[in-house]
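Presented below is the structure to which this report refers.
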Amino acid sequence: MNRTRIKQTFAEYTNQYNASDPKIRLKIDHTYRVAALAERIAKTVTDISVDEDLAWTMGMLHDIGRFEQVKRYGTFVDSESIDHAELGITILFEDGLLTQFGDFTPEEQELLKVSIENHNKYKIPEGMSAEKTAYCNILRDADKIDIFRVNCDTPLEDIYNVSTAELKQAAVSDSVKKCFMEKHTVLRSLKHTPVDNLVGHVCLVFELVYPISVQIAKEQGYVDKLMRFASDNPDTNAWLSYMRKHLWNS
Ligand SMILES: [Fe+2]
């Protein structure tokens with residue numbers, strides 16, 4: 001794998017889109033970060049042999065569908081537009097963009113395909129080989145870690161599409177609190193208030209597969225910053241303080 005060629009092809013491809021659009025810029029930055037994170041996680045995997053270059057490449061290609069998605073639909077919300085992972089697969093494998101990034105063996109192509117396709121799914125398919133499962137998990141961990149940063153750097157009002165007053169007054173639903181206490185992620189259907197979304201984002205920590213991923217998420221401090229959200233609702237503040245005490249102890 002030739003990283004220079006991959007970076008150059010990525011730059012050329014994304015240059016066709018409007019980099020002054022903050023949405024495009026965000027995804028370009030996200031791509032480089034996810035690639036670096038995937039490589040860092042891959043280095044710690046010891047139970048099976050993982051190619052760090054391939055892990056980095058997966059990160060570089062995982063959101064390639066985002067650019068066309070935002071151009072066509074003006075949104076990153078898959079449910080309102082298109083599954084951006086599937087769109088990426090079409091662009092890379094059917095339209096042939098992958099060949100411009102390099103010559104990949106059939107095995108590498110299969111690993112790229114399966115990991116990109118599953119990076120945004122609620123769960124990965126059961127019964128996959130240990131190798132495929134590892135690549136999927138590496139990419140999913142890397143993506144989640146950088147989502148914590150994005151959610152911290154973007155005003156919560158913009159992410160959840162609510163006014164500051166609504167956000168500050170919101171309470172956490174009991175069903176969402178239960179998910180946190182049971183240490184798992186929150187299904188979309190359970191989220192009813194703006195702070196439910198915030199708790200839901202914090203709960204992504206429970207889905208991280210590799211110990212290094214939890215360590216990186218903790219080190220980066222973005223999850224802690226999310227939990228320091230200053231609510232005007234006393235119950236919400238008490239709940240956030242409970243979360244800060246319990247999140248990292250397991
Ligand atoms: Fe994605």
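These numbers come from the heavy atoms of this one structure, side chains and all, not from hydrogens, waters or symmetry mates. Remember, it's 1-based here, ligands and their atoms both numbered in the order they're listed. If you read the sequence from its start, that first residue is 1, and numbering goes on from there.
Contacts classified as salt bridge (Lys or Arg N to Asp or Glu O under 4.0 Å) and involving residues 87-96 (residues at least two apart or in different chains) are not found. Pairs of residues two or more places apart, or lying in two chains, that qualify as ring pair (Phe, Tyr, Trp, His ring centres under 6.0 Å) and include a residue from residues 30-51 are F10-Y32, H30-H62.
Figure legend: cation-pi geometry between K23 and Y17 absent, as NZ or CZ is not positioned both under 6.0 Å from the six-membered ring centre and within 45° of its axis.
Looking at residues two or more places apart in sequence or on another chain, you find no salt bridge (charged side-chain N to carboxylate O under 4.0 Å, His left out) involving E80.
By the 4.0 Å N-to-carboxylate-O rule, R3 lies close enough to D53 to be salt-bridged with it. Comment: R149 engages D153 in a salt bridge, judged by a side-chain N to carboxylate O separation of less than 4.0 angstrom.
Only protein N, O or S atoms were considered, and those under 2.8 Å from the Fe ion (ligand 1) are D63 OD1, H84 NE2, H119 NE2.
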